[in-house]
Amino acid sequence: MNKKGFIFDLDGVIVDTAKYHYLAWKKIANEIGIDFQKEQNEHLKGVSRIESLKKILKWAEKEVSEKEFNTLLNKKNEDYLTYISKMNVSEILPDVNRILSYLIQKKQPIALGSASKNSRKILEKVQLTKKFDAIIDGNNVTKAKPNPEVFLKAAEQLNIAPKDCIVFEDSIAGIQAANKANMISIGIGDKKTLQEANYIFKDFTEISEDFINKLIYNNSL
Ligand code: BG6
Ligand code: MG
C-alpha cells in the first residue's frame, strides 16, 4: 500500500522547545540547590514531566514530599508556559513545513506523537494544528517514552499498521519507543546521541523528497 503513517515528535523536531524545557528545569534544579547541565538535559528529552523531575531528584540524591514534588512540577510548567506564550511561526524548525507540505501533497497520513501535555497549545501558536490527521500527546498516554504507547496509539488513530509507520524523533527515549513499536525510526539531531535510530539526519534540510518517496513506496533506502 502506498500509504504510510508519518509520526512526528514535537519538542526538538517541529519546534525548538527543548531549549525552553532546559531553561525551566535548570531554574527549578538550581532553586533546590541542584546543579543541572546540558548533558543531563539530553536524558530528559522525550521524557514526561513527572519522570523528568524524578530523574533530576535521583541525580541529586534528593527526596521531597509529594506536596513539594507537585509544587515543583507546577512551577516548572508555569515557567515553561511563559516561554510558550511568546512563540510564533518563526520557531518552526528549518524545512519542517517543506516536508509536511510534501507529505500532504502525497496524501500521506500525518500524526503527532508527543510526550507533552502542552502540545496542542504549541501547535496552535505555530499554526500547524490543521496539518495533523491525529494528535496523540501526554494527555492520551499512561506510559512515557521509551514505552511505545504514544506511537502505537498514533498508528491506531491513523489506521496504519505499526510496521508501515515512520517516526521522526530527537530523543534517545523516543527512538527506543519507535524501535519497540516496530516502526522505522528517524533521528533528527546528533548522530552519536541517536545512534539507535534506523536513519539519522542533522535536521529536515538534509531530508530529500526522494528519501520521502522511498519511504512511501517501500523502495530500498
Ligand atoms: C517532551 C519533551 O516532548 O515532552 C520533554 O521532550 C518534556 O522534555 C515532555 O518533559 C513533557 O512535556 P510537558 O509540556 O507536558 O511538560
Ligand atoms: Mg522531542
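Whatever order the structure lists them in is the order used to number ligands and atoms, beginning at 1.
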- Atoms of ligand 1, numbered as shown, that sit under 4.0 Å from any heavy atom of K45: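 Those qualifying, in numeric order: 6 (O).
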- Task: Run the numbers for me: atoms of ligand 1, each under 4.0 Å from some heavy atom of S52, listed by number.
- Result: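 Under 4.0 Å from S52, ligand 1 has these atoms: 10 (O).
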Salt bridge [X]-[Y], side-chain N to carboxylate O under 4.0 Å:
X	Y	answer
D210	K214	yes
K54	E51	yes
E31	K75	yes

- Residues which pass side-chain hydrogen bond (donor to acceptor under 3.5 Å, both in side chains) with S208, listed by chain and number, not counting sequence neighbours: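 Partners of S208 under the side-chain hydrogen bond (donor to acceptor under 3.5 Å, both in side chains) test: none.
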- Partner residues of N198 under the side-chain hydrogen bond (donor to acceptor under 3.5 Å, both in side chains) criterion, sequence neighbours left out: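 In terms of side-chain hydrogen bond (donor to acceptor under 3.5 Å, both in side chains), with neighbours along the sequence ignored, N198 is linked to S185.
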List the closest protein heavy-atom neighbour of [atom]: residue, atom name, distance to the nearest 0.1 Å.
atom	result
atom 9 (C) of ligand 1	V47 O, 3.3 Å
atom 3 (O) of ligand 1	D11 OD2, 2.6 Å
atom 16 (O) of ligand 1	R49 NE, 2.7 Å
atom 8 (O) of ligand 1	L44 O, 3.4 Å
atom 6 (O) of ligand 1	G46 N, 2.7 Å

- Message: With a cutoff of 4.0 Å, is G138 in contact with ligand 1, counting heavy atoms of the residue only?
- Response: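 No.
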- Report, as yes or no, whether the 6.0 Å neighbourhood of atom CG on L23 holds more than 12 heavy atoms from other residues, nucleotides or ligands.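 Enclosed: over 12 neighbouring heavy atoms sit under 6.0 Å from CG of L23.
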- Query: Would you call the rings of F132 and F8 parallel, tilted or perpendicular if under 30° counts as parallel and over 60° as perpendicular?
  - Reply: perpendicular
- Query: Between F6 and F168, how do the two ring planes meet: parallel, tilted or perpendicular, split at 30° and 60°?
  - Reply: parallel
- Message: Can you check which of S171, S114, S116 brings a heavy atom nearest to atom 13 (P) of ligand 1?
- Response: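 Shortest heavy-atom distance from atom 13 (P) of ligand 1: S116.
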- Task: Could you pull out, from K121, K145, K117, the option with a heavy atom nearest to atom 15 (O) of ligand 1?
- Result: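 Answer by nearest heavy atom: K117.
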- Inter- and intrachain pairs under salt bridge (Lys or Arg N to Asp or Glu O under 4.0 Å), touching residues 5-17, at least two apart: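 Listed by first then second residue: D9-K145, D16-K19.
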- Task: Answer yes if the side chains of Y20 and K86 hold a donor-acceptor pair under 3.5 Å, and no otherwise.
- Result: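 No.
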- So is D9 polar-close to ligand 1, meaning N/O to N/O under 3.5 Å?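 Checking ligand 1 against D9, no N or O pair falls under 3.5 Å apart.
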- What number of protein N, O or S atoms occur at distances under 2.8 Å from the Mg ion (ligand 2)?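 Every protein N, O or S atom under 2.8 Å from the Mg ion (ligand 2) counted, the figure is 3.
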- Item | Nearest heavy-atom neighbours spanning I7 and A155 | CD1-N, 4.2 Å
